[in-house]
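Just so you know, ligand 1 is whichever comes first in the structure, and atom 1 is the first atom listed for that ligand. Sequential numbering from 1 along the given sequence is applied to the chain's residues.
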Amino acid sequence: MAEDILVLKDVVKSYNGQRVLDGISLVVKEGEHVSLIGESTTGKTTLFKVIVGLVPPDSGQVIIFGHDITRMNEFQKRNLLKNIEMQFQSGALFDSMTVRENIRFILDEETHLSGKEKETIIEQLLRGVSLWNASENFPYELSGGMQKRVAVARALSTSPRLALFDEPAAGLDPVTSARIIKVIKALVAEHRMTIIVATTNVLMAQQFAERFVILKNGRVHTDGPWPELLAKGDEYTKKFLSRDLMR
Ligand SMILES: Nc1ncnc2c1ncn2[C@@H]1O[C@H](COP(=O)(O)OP(=O)(O)OP(=O)(O)O)[C@@H](O)[C@H]1O
Ligand SMILES: [Mg+2]
């Protein structure tokens with residue numbers, strides 16, 4: 001039996017008195033690929049931030065590799081979270097570092113690889129997302145789509161056990177989008193990563209995972225393989241999935 005890599009138990013988070021996460025429970029096993037889908041503002045990004053310890057939940061448990069991060073001190077948390085990477089929807093690159101340095105920084109912080117090994121990884125990844133030519137550029141010199149591709153490369157760089165991608169291909173042209181999806185899938189397969197991909201786009205979700213977790217009003221509305229949800233889900237689920245799902 002695969003290990004539970006992530007267990008969320010009744011996670012609640014409110015902003016300004018409004019419940020964004022209203023009791024989320026979820027189990028993800030090692031090696032699983034999950035698409036976290038839901039309309040805008042259903043709390044996908046907030047949930048990711050809770051998982052990577054950036055946003056403390058008001059209540060509930062966030063258990064990663066068997067350890068509840070809500071009960072850990074900063075040092076313990078940082079050590080555990082070295083095994084997780086998140087690609088932020090906004091990119092969230094370090095403005096004062098070049099593209100290459102943005103990735104190198106994470107590799108320096110979180111791995112014990114040699115300088116040469118790190119540079120090889122950086123080159124492979126940047127070539128993979130077609131940005132090797134921009135490696136010495138600063139984020140402000142790049143388009144939004146280019147920044148997103150750097151963020152994807154950065155999240156993959158350490159081959160984390162758990163990788164979270166927040167709208168990894170939104171806003172990219174179809175050719176670039178297909179290329180990024182291919183790069184992510186190849187590396188995920190090679191390193192047997194567990195991934196969760198957040199998106200509003202059902203077609204995109206389908207590219208990454210058969211298991212769909214659909215969020216609605218800050219709760220897990222339904223969870224299962226998409227063909228099953230499409231056949232047996234409730235009215236909302238069927239309508240949501242059939243908007244643009246490939247059959
Ligand atoms: N730091 C914050 N302070 C106040 N409100 C917040 C904060 N972060 C998120 N919210 C609110 O929480 C809700 C959920 O936001 P979140 O970004 O998690 O949604 P999402 O599902 O990722 O949406 P999208 O698909 O548009 O990315 C929104 O109403 C948002 O305004
Ligand atoms: Mg979001």
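Between Arg78 and Glu74 there is no salt bridge, since no side-chain nitrogen of the basic residue lies less than 4.0 Å from a carboxylate oxygen of the acidic one. Ion pairing of Glu85 with Arg154 is absent here, as no side-chain N (NZ or NE/NH1/NH2) approaches a carboxylate O to less than 4.0 Å. The pair Glu30-Arg192 fails the salt-bridge criterion, with no side-chain N (NZ, NE, NH1 or NH2) lying under 4.0 Å from an Asp/Glu carboxylate O. The pair Asp108-Arg104 meets the salt-bridge criterion, since a charged nitrogen lies less than 4.0 angstrom from a carboxylate oxygen. Using a cut-off of 4.0 Å between Lys/Arg side-chain N and Asp/Glu carboxylate O, Arg211 and Glu228 are scored as not salt-bridged.
Residue-to-ligand polar distances keep Gln18 apart from ligand 1: every N/O pair is separated by 3.5 Å or more. Considering both main-chain and side-chain atoms, Thr200 never comes within under 3.5 Å of ligand 1 through any nitrogen or oxygen pair. By the 3.5 Å distance cut-off applied to N or O atoms, Asn16 is not counted among the residues near ligand 1.
Take the Mg ion (ligand 2) and draw a sphere of radius 2.8 Å; the protein N/O/S atoms inside it number 2.
Counting protein heavy atoms only, atom 25 (O) of ligand 1 is closest to Lys44 NZ, 2.8 Å.
Residue contacts with ligand 1 for Thr42 involve both N, CA, C or O and side-chain atoms from C-beta outward (heavy atoms, distance under 4.0 Å).
Ring-plane geometry between Tyr236 and His221 is classed as perpendicular, the angle between the planes exceeding 60 degrees on a 0 to 90 degree scale with a lower cut at 30.
Residue contacts with ligand 1 include Gly43, since one of its heavy atoms falls under 4.0 Å from the ligand.
Here the closest non-hydrogen pair linking Leu80 and Phe65 is CD1-CD1, 3.7 Å.
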